[in-house]
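Following: one structure in structure tokens, then a few remarks.
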Amino acid sequence: MSRADHFRPVLERIAAQFPELADDPILTQNLVDNVTSMIAEAHARYAAGAEDSVVSGAYLDPEHLASGSLHAEQSQHPAGAMLAAEMLFDAYLPLFVDEVGAESTVEVLRATRALHAGIWSRFPAGAVAYTEALRQRVTTAHLDSRTQIARDLHDRVAHGILAGLQRLDLVLLTDPPAGERADQLDDAARLLRGALGDVQDLAVSLHARVGDALLDDALARHAQDLFSDDDRLSFSTTGTPEHLPNWQAEEALTILLEALTNRRKHAPDSAAEVHFAWTSASLVVTVSDDGQGFDPDADADGRLGQQTMRERAAVIGARLDVESTPGTGTTVRLTVPRGTL
């Protein structure tokens with residue numbers, strides 16, 4: 001039996017534990033390549049007579065860094081890879097001892113260390129690459145958020161203030177009749193109040209927190225603060241809500257508030273529903289409206305907002321899907337896995 005035939009059942013066990021591997025040919029091939037390389041390295045270490053299994057000093061190996069980056073791109077947590085490694089070590093050790101012909105206690109111990117070193121050598125570099133990829137995602141998401149805030153301040157707040165001041169200047173410079181003056185002053189006040197409301201909304205969004213509350217309750221509370229006059233926005237929940245880890249809950253709240261804010265900007269007269277579907281496997285939050293919809297591929301502003309939301313979702317291991325076509329409304333779906341790393 002060839003070496004590949006030996007570890008094929010082990011690969012099948014790992015794939016059964018992590019079904020997402022079977023659905024992604026790139027990850028599947030990466031797993032095969034990694035296992036092949038691990039076993040080959042273990043054989044080489046045993047043949048060379050290596051007595052130790054300390055390999056973490058080579059944590060910047062470029063090949064292993066590339067593998068870690070691939071896992072980060074696919075939102076594969078390093079803990080999942082470590083579990084797969086434990087399964088590989090547990091299942092393959094008897095086969096490896098047989099392959100190298102280890103008989104004495106000393107030889108079996110050396111074979112065990114060689115296999116451990118061959119497998120473990122991948123993980124320090126993988127963890128470094130994964131952490132760096134997540135750090136880059138967080139940085140990108142924060143930069144995109146700052147860009148979006150700057151755009152809102154310029155396009156909405158500054159525009160409203162400027163328009164209101166222009167109305168006031170017009171009254172001061174032209175001294176219109178009393179009735180016309182009153183209309184222009186009312187118009188100026190309306191524009192300035194709108195700009196003030198935009199600033200207040202931005203402040204509420206930036207200070208929004210889940211804290212000790214459930215995500216469902218926190219989102220409903222902040223939505224009431226932001227859209228207090230909106231009687232066409234409803235919330236519903238199925239399943240049993242539970243507390244998410246704080247780092248997940250806070251990012252999810254930011255993403256969902258952005259989805260609701262986009263709905264108010266682009267479909268203010270639409271009816272909208274936020275639905276939380278809790279299961280043991282995942283939380284799926286759907287924000288849907290019956291507005292005019294849009295083409296996600298053609299709308300530049302939409303692409304920027306969606307990209308920021310997707311980056312934030314990736315940071316917490318979640319997935320964001322946006323479905324919309326002109327005339328059919330828009331659905332934003334955030335899927336947060338639960339119970340798995």
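Side-chain N or O atoms of Ser282 include none that pairs as donor or acceptor with a backbone N or O of Val284 at under 3.5 Å. Between the Glu250 side chain and the Val210 main chain, a donor and an acceptor come within less than 3.5 Å of each other. Between the side chain of Gln248 and the backbone N or O of Ile316, at least one donor-acceptor pair lies under 3.5 Å. Within the 3.5 Å criterion, the main-chain N or O of Val171 finds no donor-acceptor partner in the side chain of Arg181. Glu107 places a side-chain N or O within donor-acceptor distance of the main-chain N or O of Ser104, the cut-off being under 3.5 Å.
Note on Glu242 versus Arg338: salt bridge recorded, some NZ/NE/NH1/NH2 to OD/OE distance being below 4.0 Å. The pair Arg263-Asp289 fails the salt-bridge criterion, with no side-chain N (NZ, NE, NH1 or NH2) lying under 4.0 Å from an Asp/Glu carboxylate O.
Residues Val322 and Arg310 approach most closely at N-NH2, 3.9 Å, considering heavy atoms. In this structure, Gly317 and Pro337 approach most closely via the heavy-atom pair O-CD, 3.1 Å. Between Leu334 and Ala318, the closest heavy-atom pair is CD1-CB, 4.0 Å. Across every non-hydrogen atom of Pro176 and Glu180, the tightest pair is CB-CD, 3.9 Å.
Not counting sequence neighbours, Phe276 has no partner by the ring-ring contact (aromatic ring centres under 6.0 Å, His included) test. A search for salt bridge (Lys or Arg N to Asp or Glu O under 4.0 Å) contacts involving Arg221 returns nothing, not counting sequence neighbours.
A donor and an acceptor atom, one from each side chain of His275 and Thr286, are nowhere located under 3.5 Å apart. With 3.5 Å as the limit, one finds a donor-acceptor pair spanning the side chains of Ser324 and Thr330.
Within the 4.5 Å cutoff, the side chain of Leu260 has no heavy atoms near those of the Leu226 side chain.
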Exercise for the section: Take Arg264 and Phe227, measure what side-chain contact (heavy atoms from CB on, under 4.5 Å) needs, and give me the verdict at the end. Expected result: CA-CA 9 Å; Arg264 191 181 67 168; Phe227 320 117; 3.6 Å; yes
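Sparse packing is recorded around CZ of Arg319, with 12 or fewer heavy atoms of other residues, nucleotides or ligands lying under 6.0 Å away. Around the NE2 atom of His159, the shell of radius 6.0 Å holds no more than 12 heavy atoms that belong to other residues, nucleotides or ligands.
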